[in-house]
A.B. asks: 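Quick one: this structure, given as structure tokens, is what I'll be asking you about.
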Amino acid sequence: MRKKVTKAIFPVAGLGTRFLPATKSVPKEIMTLVDRPLIQYAIDEARAAGIKEFIFVTSRGKGALEDYFDHAPQLEQELRKKGKDELLNTLQSTNMESGAIAYIRQHKALGLGHAVWCARRLIANEPFAVILPDDVIAAEKPCLQQMIEAYNETGGSMVAAMEVEPSKTSSYGILETSEELGNRVKVKSMVEKPAAEEAPSNLAVIGRYVLAPTVLQNLNKLKSGSGGEIQLTDAIAQEIEQGRDVYGYRFRGQRFDCGSKSGFLQATVAFGLAREELRDDLHAYLQSIMQIDRAAQ
């Protein structure tokens, strides 16, 4: 019987330099889309997929990230006293049970593969998920839940995939596929950040993974790859070379790259418009901006 995926790794050790000066004192993962930090979207997606153990790979200066998931008794007491039950329920939904989250330090910035490898002792011999909080995916059924349901049918390892502009392949891991299987594709090979003229396709790996524990064994043996970092893509590619199945999963939903300023702003607008209490005011404001822009032209 196939083991259930109940553990997820969240690589959150990055410095967030693209968002300086804000990230000088605030971890990027705490920056908010509307009224929820990026990390909350990732946690909620993992919970919906059945994840029970949450492993954060952090670095120095991420204390606010740890505090966010702690209980806030004084604040809860004030909200309860003032009868603000809806806010109290919202606040309590961010609490995590003792022992549900583990924090591991990545002492050197050696890439995503290294960050995942840092959590190896907490994974042992189980399949596991990896979620990159920078990639926020709006979907009726959360992306990781879609993937785990597909994994339960196929086993192997699975990466979220979407088509990108050919000119942008140098920013992603790119898949070479051998077989179309509905929403899934059988992966023949993977290349990390190839130039457009060298890319085998424009099907890119996005920040959701369901991985076999043998990927960690591959990471044990890897040397630095593209950009001088230890690449998770390389370790997954070795699964194929060793005769194990790797699939790309074309998820249903819209992905926002919240690691970039433009992507973060786009996500803010999209999630704001999705909120009933904000939609009318925000839509009216956006229309007024468009009218001003047209008049200026």
Side-chain angles (χ1 to χ4, degrees), residues 1-14 26-106 115-139 141-149 151-152 207-211 213 216 258 271:
M1 184 176 176
R2 194 165 288 125
K3 288 185 178 180
K4 288 186 176 181
V5 181
T6 61
K7 297 181 179 181
I9 299 172
F10 299 79
V12 291
V26 178
K28 177 181 59 178
E29 298 80 17
I30 294 295
M31 293 177 64
T32 57
L33 292 180
V34 189
D35 54 6
R36 292 162 64 200
L38 292 176
I39 193 62
Q40 185 68 57
Y41 289 92
I43 287 288
D44 289 345
E45 182 177 332
R47 281 171 164 168
I51 298 300
K52 304 297 182 186
E53 297 181 49
F54 307 80
I55 303 167
F56 283 30
V57 181
T58 69
S59 60
R60 183 179 296 276
K62 298 283 184 171
L65 187 62
E66 298 183 21
D67 291 341
Y68 174 77
F69 290 108
D70 201 355
H71 289 240
Q74 184 175 354
L75 182 54
E76 290 182 16
Q77 183 178 352
E78 285 298 312
L79 293 174
R80 193 176 291 109
K81 186 190 302 182
K82 295 177 180 178
K84 296 184 177 181
D85 295 336
E86 188 174 345
L87 278 177
L88 179 61
N89 290 336
T90 299
L91 179 66
Q92 290 178 333
S93 71
T94 68
N95 295 342
M96 301 291 283
E97 296 180 8
S98 295
I101 295 183
Y103 298 95
I104 294 172
R105 283 283 181 96
Q106 182 184 21
V116 171
W117 177 82
C118 287
R120 65 199 181 280
R121 290 187 176 89
L122 295 181
I123 298 297
N125 194 36
E126 298 179 42
F128 62 99
V130 178
I131 299 182
L132 307 188
D134 277 0
D135 280 339
V136 177
I137 299 173
K141 177 183 287 188
C143 179
L144 188 63
Q145 184 179 350
Q146 296 176 42
M147 292 178 67
I148 288 180
E149 288 175 0
Y151 162 83
N152 289 337
R208 301 291 186 276
Y209 307 78
V210 179
L211 301 176
L216 294 173
C258 291
F271 280 82

A.B. asks: Are V116 and I123 side-chain neighbours, meaning at least one heavy-atom pair lies under 4.5 Å?
C.D. replies: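 No, side chains not in contact.
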A.B. asks: May I have the list of side-chain donor-acceptor pairs in residues 127-135 shorter than 3.5 Å, sequence neighbours left out?
C.D. replies:
| unit_1 | atom_1 | unit_2 | atom_2 | d |
| --- | --- | --- | --- | --- |
| D134 | OD1 | K28 | NZ | 3.2 |
| D134 | OD2 | K28 | NZ | 2.8 |
| D135 | OD1 | R255 | NE | 3.0 |
| D135 | OD1 | R255 | NH2 | 2.9 |
| D135 | OD2 | G207 | N | 2.7 |

A.B. asks: Taking all non-hydrogen atoms of both residues, which atom of Q92 and which atom of E76 are closest, and how far apart?
C.D. replies: NE2-OE1, 3.6 Å
A.B. asks: To the nearest 0.5 Å, how far apart are CG in L216 and CZ in R120?
C.D. replies: 9.0 Å
A.B. asks: Do I101 and E66 have side chains that approach each other closer than 4.5 Å (heavy atoms only, starting at C-beta)?
C.D. replies: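 Not in contact.
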A.B. asks: Starting from the C-alpha separation in whole Å, work towards a yes-or-no answer on side chain to side chain contact (heavy atoms under 4.5 Å, CB included) for R36 and D44.
C.D. replies: CA-CA 11 Å; R36 292 162 64 200; D44 289 345; 2.4 Å; yes
A.B. asks: Output yes when a side-chain donor or acceptor of E45 lies under 3.5 Å from a complementary backbone atom of L144, and no otherwise.
C.D. replies: yes
A.B. asks: Nearest 0.5 angstrom please: T32 OG1 to L38 CG, how far?
C.D. replies: 8.0 Å
A.B. asks: What's the separation between atom CD in Q40 and atom CD1 in I30, rounded to the nearest 0.5 Å?
C.D. replies: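 If we round to the nearest 0.5 Å, Q40:CD and I30:CD1 are 9.0 Å apart.
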A.B. asks: About how many Å separate CD of E126 and NZ of K7, when rounded to the nearest 0.5 Å?
C.D. replies: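 If we round to the nearest 0.5 Å, K7:NZ and E126:CD are 4.0 Å apart.
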A.B. asks: Tell me every residue that passes ring-ring contact (aromatic ring centres under 6.0 Å, His included) with Y151, counting only those two or more places apart in sequence or in another chain.
C.D. replies: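 Applying ring-ring contact (aromatic ring centres under 6.0 Å, His included) to Y151 gives none.
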A.B. asks: Measure from the ring center of F271 to the ring center of Y41 and say whether it is less than 6.0 Å.
C.D. replies: yes
A.B. asks: How many angstroms lie between atom CE of M147 and atom OH of Y209, to the nearest 0.5 angstrom?
C.D. replies: 9.0 Å
A.B. asks: Measure across A139 and Q146 and return the closest heavy-atom pair with its distance rounded to 0.1 Å.
C.D. replies: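 Looking at all heavy atoms of both residues, the shortest contact is CB-NE2, 4.0 Å.
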A.B. asks: Can you name the nearest heavy-atom pair linking G61 to P27, along with the distance?
C.D. replies: O-CG, 4.0 Å
A.B. asks: Do T58 and Q106 come within less than 4.5 Å of each other through their side chains, counting heavy atoms only?
C.D. replies: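 With C-beta onward as the side chain, the pair stays apart.
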A.B. asks: Give every donor-acceptor pair under 3.5 Å between a side-chain atom in residues 79-91 and any protein atom, sequence neighbours left out.
C.D. replies:
| unit_1 | atom_1 | unit_2 | atom_2 | d |
| --- | --- | --- | --- | --- |
| K81 | NZ | E78 | OE2 | 3.4 |
| N89 | ND2 | D85 | O | 3.3 |
| T90 | OG1 | E86 | O | 3.1 |

A.B. asks: How long is the gap from CZ on F10 to CG on L65, to the nearest 0.5 Å?
C.D. replies: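 F10 CZ to L65 CG: 10.5 Å, rounded to 0.5 Å.
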A.B. asks: Taking the ring centre of each residue, are F69 and F56 less than 6.0 Å apart?
C.D. replies: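 Yes.
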A.B. asks: At their closest point, which heavy atom of T6 faces which heavy atom of I51, and how far apart are they?
C.D. replies: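 Looking at all heavy atoms of both residues, the shortest contact is O-CG2, 3.5 Å.
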A.B. asks: Do C258 and L33 have side chains that approach each other closer than 4.5 Å (heavy atoms only, starting at C-beta)?
C.D. replies: yes
